Protein chains: 2
Amino acid sequence: MARTAAPGTRERILDVATALFYTEGVRAVGMSRIIGEVGCGKNLLYAQFPSKADLVTAYLDRFRERRDRAEEKALREAGDDPAERLVAVVAEIAGRLRRPDFRGCPFRNLLTEFPDGDEPPERRAREYLRETRELVGCLAGELGVTDPEGLADRIWLIIDGLYASGFRERAAAVAVDMAREAIAAAR
Amino acid sequence: MARTAAPGTRERILDVATALFYTEGVRAVGMSRIIGEVGCGKNLLYAQFPSKADLVTAYLDRFRERRDRAEEKALREAGDDPAERLVAVVAEIAGRLRRPDFRGCPFRNLLTEFPDGDEPPERRAREYLRETRELVGCLAGELGVTDPEGLADRIWLIIDGLYASGFRERAAAVAVDMAREAIAAAR
DNA sequence: GTCTATAAGGGGATAGAC
DNA sequence: GTCTATCCCCTTATAGAC
């Protein structure tokens, strides 16, 4: 709120929190650990994020913003062909698996750690999954196939598989082909 | 060791621990909680399982035994056709999604909670994934297709997707079809 | 002797106060 | 930033009940 000085502080805290939460898990990383790695005082962090849940929520929100931008970019570059747009969504995720810091989907991971919770972080995660699934459904619908929801289910299974895969290179290599085949078969 | 009486105790503890670990997560469930729900004393539990890691390991081991038996049964009933055997592996997993208590793969879930660990539980989980992937590779190899490993990658992506899916009914409905199509396309 | 109940150790968690 | 409060974690030890 009344924070005028040190404009980069919030981002720096979020950077550290993101790296730790994403690579080690939310439950595994304590606030003290984050404070230590940021090198700031406790006050500063709790002034920016009153509770751990707030920090986790901010972590997910930022992840989501970046992901949404990457997705929009991929869709923009895919052009107007609905099939290519659907493939682009899968390809964008597959491309992410190849980054060395990839460690699965932060939203799915969070729900594995907090399966029953209904706090803002869990809500964010479920929201993300629901909306992304809807996007796939919409794109499939634009194709004009006989069973758009069946196609969307297949694409979604591929996406789920990509995020869950422990064999990233191999998964990334086949996912796009499988998506194309599913689209071709639906026609 | 010198435990002769109360033969059902160990199983009862394991039953409670399994239900809690699987549905709520290993990190989320404390030993005190398990002791409370079993209704036994602390000593008894620690006599059977000297540490939480031992209990978690036993939980995974028992899960694995049952899963292996189910898999063997599915393979037995599938007969000798390699394609049907491969489909049977996918179908067996898809069938599991339909159970109300399904909450994903306990091994994958554990690795999400403990991504970097190298203790017995994490070893069990990685071992299971490696061996199951090898089984899929073997079954694909028996098909005599030109690219058995590529086919195995596809089947494995479907399996990963099944376990990760938040839309279980829909995933289960399309997974077997996708597996059949992948096999047909590989020929 | 087997089990329960309880207390306590040592650590780390979140969070608040100064 | 340091210091404290409160809580829960895993684990061990002690004491009592059947």
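Everything numeric in this text was worked out from a predicted model, so none of it was measured. In the text below, chain A, chain B and the rest are named by the order of the sequence lines, each starting its count at 1.
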Measure from the side-chain N and O atoms of B/Asp153 to the backbone N and O of A/Ala175, and report whether any donor-acceptor pair falls under 3.5 Å. no
Grab the CD1-C1' distance between B/Ile13 and C/dC3 for me, whole Å please. 11 Å
Between A/Ser51 and A/Asp54, do the side chains contain a donor N or O and an acceptor N or O under 3.5 Å apart? yes
Once you round it to whole Å, what is the distance between P of C/dT4 and CD of B/Glu37? 15 Å
Reckon A/Gly39 touches a base, only the sugar-phosphate, or nothing at all at heavy-atom distances under 4.0 Å? sugar-phosphate
So, do A/Phe63 and A/Tyr128 have ring centers that fall under 6.0 Å from each other? no
Find the distance B/Arg10:CZ to C/dC3:P and express it as a whole number of Å. 14 Å
Would you call the rings of A/Phe21 and A/Tyr59 parallel, tilted or perpendicular, where under 30° means parallel and over 60° means perpendicular? tilted
Consider side chain to side chain contact (heavy atoms under 4.5 Å, CB included). Of B/Leu151, B/Thr132, B/Val90, which one does B/Trp156 pass it with? B/Thr132
If you restrict it to nitrogen or oxygen atoms, what contacts under 3.5 Å exist between nucleotides 8-15 of chain D and the protein, and what is each distance?
from, atom 1, to, atom 2, distance (Å)
D/dC10, OP1, B/Lys52, NZ, 2.8
D/dC10, OP2, B/Met31, N, 2.6
D/dT11, OP2, B/Tyr46, OH, 3.4
D/dT11, OP2, B/Lys52, N, 2.8
D/dT11, O4, B/Lys42, NZ, 2.4
D/dT14, O4, B/Asn43, ND2, 3.0

Side chain of A/Arg85, backbone of A/Ala78: donor and acceptor closer than 3.5 Å? no
